[in-house]
Amino acid sequence: MSQPHAADLIVFGGTGDLAMRKLLPALFHSDLDGMLADETRVIALSRGGLDDADYRGKVDAEVRLAGAVPDEDPAAWERFRARLHHVTVDVGSGEPLGGELGALLAGHEDRARVFYLASPPMTFGPFCRAIQEAGLVTPASRVVLEKPLGKDLASAQRINDEVGAIFDENQIFRIDHYLGKETVQNLLVLRFANTFLEPIWNSRWIDHVQITAAETVGTAGRRGYYDGSGALRDMVQNHLLQLLCLTAMEPPLRNDREAVRDEKVKVLRALRPLTGGDVALHTVRGQYAAGVSGGAEVPGYLDEPGSTPPTDKSREVETYAAIEARVENWRWAGVPFYLRTGKRLASRRTEIVVQFKDVPHSIFPGGAPNRLVIRLQPSEGIHMHLVAKEPGSGELRLRPVALSLSFADTFETRVPEAYERLLMDVLAGNPTLFMRRDEVESAWRWIDPILSAWEGTIPEPYVAGGTGPAAADELIGRGGRTWHEEG
Ligand code: BG6
């Protein structure tokens with residue numbers, strides 16, 4: 001492994017949830033793996049009025065004591081803590097960035113300088129301008145933008161213009177943490193480093209594809225954000241469409257930043273637009289009502305504690321979305337891609353299920369279609385469901401069985417969190433797993449008409465802890481299909 005280069009990582013929103021829950025634990029794990037240079041620093045920005053010691057104490061309490069990092073190596077934790085700095089600045093109110101931050105960065109212009117904007121999308125443009133006005137942009141600078149990138153195509157374009165006026169496209173890293181998940185990267189390897197799938201990876205052999213991201217958690221405490229978002233913007237526009245792209249894309253020419261992203265963008269452009277009446281026919285939206293989840297009674301979306309009282313807007317927000325999408329190209333003509341995601345569902349499961357067609361002529365009773373299940377979480381792995389004969393004499397009985405590749409059992413190594421991989425890619429300047437401007441905008445172009453058609457409609461209620469709205473079963477049932485629900 002080559003020696004890591006020194007870097008300064010400047011986190012806007014450095015005391016926020018994302019920094020504490022994801023970024024700092026990921027960086028600590030990378031540090032443990034020897035992937036951070038000795039001089040690398042993390043500089044957290046917030047309005048918090050903290051000095052370095054206060055901030056390190058806060059990180060101790062919120063990251064280490066909360067059990068987010070391994071505890072067995074106190075010396076490594078101390079070394080990591082020494083990398084942490086805090087700068088108090090109210091950049092949102094126009095306070096210049098140059099002062100304390102400028103002094104910390106001065107003399108380190110040769111290092112990779114990463115500005116990580118863990119802040120709402122409307123701050124991206126103004127924060128980038130503040131960085132520029134403080135004279136902090138160097139040739140080795142990068143900016144990381146957290147999702148959501150806007151709330152529709154127009155706002156995404158505006159943000160891209162504003163950020164693009166200051167940073168070159170190859171300095172802009174638009175993060176979608178699903179792309180950093182191990183199984184997602186393995187999907188590309190599965191498809192393009194093996195020969196047996198590619199000949200049957202098309203409409204001739206595949207009946208349909210299901211992409212599911214089911215969560216058991218609700219939106220507790222986040223209704224403020226979620227009221228302005230909903231499942232379509234929060235999960236489908238980015239995570240689910242990215243999974244669809246990787247499943248449906250053509251083999252790229254090379255495994256490099258432009259070739260992979262070129263192929264993904266072609267998939268987004270091939271999505272059949274859903275407008276007007278098509279939206280009612282091919283989409284479902286739901287909102288969870290009270291129910292039982294994980295053995296406990298839980299409130300519905302409108303009664304979630306920790307948020308301001310619900311408004312008319314809250315009543316219209318979907319916490320569940322299902323869509324039947326079509327990729328209109330030679331490979332996928334006629335193959336439905338069913339996307340679904342929801343909060344407060346019966347189990348936590350993120351997976352891609354590729355269901356193959358039935359045998360053309362069945363000579364056995366009781367067969368079942370072959371399914372390839374690519375499981376992102378929990379228990380990352382790949383499972384090929386085949387039909388086999390149950391052992392025994394007498395009547396011939398068939399049963400679907402799985403050929404399974406469990407990553408944990410096979411590789412016996414810790415599966416890194418998505419943010420570890422992505423942060424190391426930012427430090428190394430590799431944007432392959434980040435969304436290019438045209439990708440984000442193509443995704444919004446497809447989502448926008450669905451948003452418009454949904455405007456002002458009330459989502460169907462579903463019971464918390466259940467499988468989602470009945471209309472989603474009807475959606476997939478119209479094609480004579482059912483959702484894959486097995487564990
Ligand atoms: C985030 C969404 O992007 O992804 C959250 O904003 C969601 O609402 C989360 O809970 C799911 O991520 P993961 O990695 O737990 O599947």
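Counting starts at 1 for both ligands and their atoms, in listed order. Numbering of residues begins at 1 and proceeds along the displayed sequence.
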Student: Mind checking what makes side chain to side chain contact (heavy atoms under 4.5 Å, CB included) contact with Pro148, not counting sequence neighbours?
Tutor: Pro121, Tyr225
Student: Can you give the donor-acceptor pairs under 3.5 Å from side chains of residues 22-30 to other protein atoms, not counting sequence neighbours?
Tutor:
from	atom 1	to	atom 2	distance (Å)
His29	ND1	Pro25	O	3.3
Ser30	OG	Ala26	O	3.1

Student: For Arg285, enumerate each residue passing the salt bridge (Lys or Arg N to Asp or Glu O under 4.0 Å) test, keeping only those at least two apart in sequence or located in another chain.
Tutor: Glu318
Student: Using heavy atoms and a cut-off under 4.0 Å, could you grab the residues that are in contact with ligand 1, chain by chain, numbers ascending?
Tutor: Lys147, His177, Tyr178, Lys181, Glu215, Arg222, Asp234, Met235, His239, Lys343, Arg348, Gln377
Student: Does this structure show an ion pair linking Arg437 with Asp161, if we count only N-O contacts that are shorter than 4.0 Å?
Tutor: yes
Student: Does the pair Asp278/Arg272 count as a salt bridge with the N-to-O cut at 4.0 Å?
Tutor: no
Student: Report the relative orientation of the aromatic rings in Tyr419 and His177; use parallel for angles under 30°, tilted for 30 to 60°, perpendicular for over 60°.
Tutor: parallel
